Peer 1: 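Have a look at the structure that comes next, please.
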Amino acid sequence: MPQGDHIELHRKRHGYRPDYFERKRKKDAREVHKRSAFAQKALGIKGKMFARKRYAEKAVMKKTLAMHSEKTKRRKVEDNVQEGAVPAYLLDRDETTRAKVLSNTIKQKRKEKAGKWEVPLPKVRPIAEDEMFRVIRSGKRKTKQWKRMVTKATFVGPGFTRKPPKYERFIRPSGLRFTKAHVTHPELKCTLNLEIIGVKKNPNGPMYTSLGVMTKGTVIEVNVSELGLVTPAGKVVWGKYAQVTNNPENDGCINAVLLV
Amino acid sequence: MASGNSVMCLLADPEGKPFGNPLYLPQNVGPSELNILVNNLQNNDEKFPYAFYVNDKELLGQLGAYLLENNVSVEQVLKIVCQPQAVFRVRPVTRCSATITGHTEAVLSVSFSPDGQHLASGSGDTTVRFWDLNTQTPLHTCKGHKNWVLCISWSPDGKQLVSGDKDGHISLWDPNDGKANGSPMNGHKKWITSLSWEPSHLQTPSRRFASASKDGDVRIWDSMLRKCVMCLTGHTLAVTCVKWSGEGLIYSSSQDCTIKVWETSQGKLIRELKGHGHWVNTLALSTEYVLRTGPYDYRTYQFSSSDEMKEAALTRYNAAKRDSPERLVSGSDDFTMFLWEPSINKHPKARMTGHQQLVNHVYFSPDGRWIASASFDKSVKLWNGSTGEFVATFRGHVGPVYQISWSADSRLLLSGSKDSTLKIWDMRTRKLREDLPGHADEVFSVDWSPDGKKVASGGKDRVLKLWMA
């Protein structure tokens with residue numbers, strides 16, 4: 001039988017030693033001093049480990065003490081007045097928060113004039129011409145190579161008609177033409193499917209802007225009349241800029257973030 | 001040109017009773033000549049302006065021109081309905097004369113006193129503030145509520161203001177010094193949705209008022225005894241609106257799709273008006289404007305005794321009501337409204353459909369001729385006040401329209417919307433009259449002063465805007 005079991009067996013048969021409880025009490029009282037001596041004398045890694053353990057113990061102890069003394073502590077009554085006051089007719093309705101009124105129209109107009117924009121993606125990977133266009137051979141012997149086909153997503157606009165095929169230098173395939181973009185409002189974190197009005201600027205060059213090519217980082221203009229925004233002067237806002245955030249030719253859709 | 005010919009006409013009043021025998025009138029008479037004629041026929045001491053309607057279309061030019069346009073035969077007797085209009089004319093407000101800051105949270109309700117001398121507003125920062133209209137600055141700040149002040153209401157004699165908050169407490173305030181008349185009265189367990197005073201022709205000085213709450217009861221309080229004298233229970237869901245009618249009945253609308261009619265001496269339920277398919281959001285009475293303004297009209301603001309006030313209120317009430325019973329219109333989340341005559345019948349008189357979203361606010365015009373309804377489908381619709389027929393739609397807002405308010409002469413309608421603009425619509429041309437942008441965020445509450453000179457609006461941008469002509 002293990003030693004501890006002998007002691008237990010003895011206790012069961014004869015009860016505790018007469019001085020057991022006193023000795024236990026005194027030993028426990030000495031523990032405090034022993035612990036303190038150890039904490040002061042322990043050096044090196046041993047000391048650090050002990051210090052960490054002791055700190056955690058002290059934190060828990062403080063919390064329980066605070067909890068117990070809460071009953072006797074006097075506190076000011078907290079006002080549970082919430083934010084976002086609404087009138088009585090809106091109280092039982094939870095409405096999705098809508099975009100707030102434009103407050104910086106003047107700043108935007110100035111920026112637009114200067115051509116400078118604070119955009120979420122300031123730097124984009126430059127795209128080489130041979131990645132953007134694919135050479136199309138034409139002619140009876142397929143030796144002429146002046147035609148190019150665009151391999152990225154494009155926007156052409158509702159009134160677009162192709163030039164006569166004989167004179168068309170840049171071909172924009174209809175499979176890569178997009179009219180709508182998934183636009184995310186950065187503050188409301190909601191994504192809406194909005195119509196594209198036009199391509200404002202493609203960072204790879206003015207030629208791509210005029211072709212209507214949309215790559216990552218392109219600034220496009222979208223129709224936001226759904227949002228019901230009104231300028232301080234009372235006019236309804238129906239177009240806003242957004243910047244494309246994905247590679248539409250890989251994904252098959254255009255994701256953009258609204259520039260507010 | 002048939003200008004020399006004459007046409008047989010029968011002049012009638014809005015209820016259909018003719019003014020006399022049919023007369024032969026030359027075809028080149030216009031509204032001004034008809035005005036003189038009707039005033040003479042009626043032997044009016046004061047010349048009232050009238051508006052003339054033939055087959056519900058307003059007669060603006062000469063009779064002859066109208067006949068030609070609409071191909072009306074001269075063989076039959078032409079019935080011309082004469083609607084008396086208000087003698088005074090309210091000018092539309094065009095500019096924001098002051099933007100007063102003061103509230104630190106959204107302004108939830110604004111209200112002019114019945115005599116037009118004081119302006120009060122309740123807000124989400126738990127205060128009620130009084131504003132000085134002459135200097136357009138804050139006058140008093142009344143602290144006492146512990147949660148958002150949701151509704152405020154002036155007593156019809158203009159001496160007291162009652163406000164209800166989100167905890168269900170109700171406080172009374174004195175507009176002259178901004179002090180509370182005692183501590184807040186408790187009774188309701190959830191927030192107060194609506195407050196309505198007893199009309200002044202039934203009791204002057206105003207003592208009793210009714211309050212509706214989300215917990216489903218309507219309580220009647222006495223402001224002098226400062227306690228709840230009656231509790232009208234019966235609704236199973238929140239009571240959204242309560243109105244004290246001039247006939248001494250209380251109408252309460254609730255989210256349980258019913259409207260209950262109570263009598264006020266013992267608090268018994270008289271009638272229950274069922275018909276709506278979803279929450280009933282709002283109620284309006286045909287005499288509501290007169291009940292709200294009590295004894296005050298555009299001429300008199302001072303009274304020497306409360307008996308005089310009661311007399312004046314009674315005459316105004318009878319003039320507005322004429323002989324027909326009071327009409328009630330209710331707007332609901334089921335996109336429709338019902339027109340009722342509750343003291344007679346528990347079945348609706350007319351069902352007014354047409355809105356494509358829930359109806360948030362309905363309001364009778366001060367003369368009871370029109371009903372205007374504001375809806376979350378961004379439009380305001382105009383209906384005939386006696387029959388409930390659709391008349392016109394006002395489109396222009398780009399966000400849900402929250403509240404509407406009439407000018408005191410019933411010629412102009414004001415609407416405030418979530419898109420932060422207020423718009424004024426003209427009743428004669430049925431078009432937009434003025435566009436009032438300027439608020440930075442949603443407009444929660446609008447009010448036109450009873451003397452017609454100012455408009456106050458408050459909303460989520462925490463400022464109170466005063467607009468003048």
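Please read all numbers here as calculations on a predicted model, not as lab measurements. Below, read A as the first sequence line, B as the second, and so on, with proteins coming before strands; counting in each chain starts at 1.
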Peer 1: Answer whether the closest heavy-atom distance between the side chains of T282(B) and Y89(A) falls below 4.5 Å.
Peer 2: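 They are not in side-chain contact.
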Peer 1: Atom CZ of residue position F160(A) - does it have more than 12 heavy atoms of other residues, nucleotides or ligands inside 6.0 Å?
Peer 2: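 More than 12 heavy atoms, drawn from other residues, nucleotides or ligands, come within 6.0 Å of this atom.
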Peer 1: Locate the shortest heavy-atom distance separating P87(A) from L150(B); write the atom from each residue and the value.
Peer 2: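 Looking at all heavy atoms of both residues, the closest pair is C-CD2, 4.1 Å.
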Peer 1: Select one option (side chain, backbone, both, neither) describing which atoms of S109(B) are under 4.5 Å from chain A's heavy atoms.
Peer 2: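 Answer is neither: S109(B) stays 4.5 Å or more from chain A.
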Peer 1: Evaluate the side-chain proximity of K166(B) to L91(A): yes if any heavy-atom separation is below 4.5 Å, no if none is.
Peer 2: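 Counting from C-beta outward, L91(A) and K166(B) do come under 4.5 Å.
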Peer 1: Can you tell me how far the CG atom of L90(A) sits from the OH atom of Y402(B), to the nearest 0.5 Å?
Peer 2: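 The distance works out to 4.5 Å.
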Peer 1: Under 4.5 Å from any heavy atom of chain A, what part of L422(B) do you find: side chain, backbone, both or neither?
Peer 2: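 Neither part; nothing is under 4.5 Å.
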Peer 1: Taking atom CZ of R52(A) as the centre, does the number of heavy atoms from other residues, nucleotides or ligands within less than 6.0 Å exceed 12?
Peer 2: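 Not buried by this count: 12 neighbours or fewer within 6.0 Å.
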Peer 1: Please classify the contact between T240(B) and chain A as side chain, backbone, both or neither, with a heavy-atom cut-off of under 4.5 Å.
Peer 2: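 Neither part, no heavy atoms under 4.5 Å.
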Peer 1: Is any side-chain heavy atom of R93(A) less than 4.5 Å from a side-chain heavy atom of D333(B)?
Peer 2: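 Of all side-chain heavy-atom pairs linking D333(B) with R93(A), at least one is under 4.5 Å.
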Peer 1: So, for W148(B) and Q82(A), which heavy atoms are closest and what is the spacing to 0.1 Å?
Peer 2: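 That would be NE1-O, 3.1 Å.
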Peer 1: Please report the shortest heavy-atom distance between A85(A) and A106(B), naming the atom on each side.
Peer 2: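 Between these two residues, the closest heavy atoms are O-CB, 3.8 Å.
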Peer 1: Is chain A contacted by the side chain of K378(B), its backbone, both, or neither, given a heavy-atom distance below 4.5 Å?
Peer 2: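 Neither; nothing under 4.5 Å.
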Peer 1: More than 12 heavy atoms of other residues, nucleotides or ligands under 6.0 Å from CD of E57(A): is that the case?
Peer 2: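 Count over threshold, so yes.
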Peer 1: Please name the pair of heavy atoms, one in L108(B) and one in V86(A), separated by the smallest distance, quoted to 0.1 Å.
Peer 2: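 So the minimum-distance heavy-atom pair works out to CD2-C, 3.4 Å.
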Peer 1: Is it the case that more than 12 heavy atoms not belonging to R134(A) sit under 6.0 Å from its CZ atom?
Peer 2: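 Check fails, neighbour count at 12 or below.
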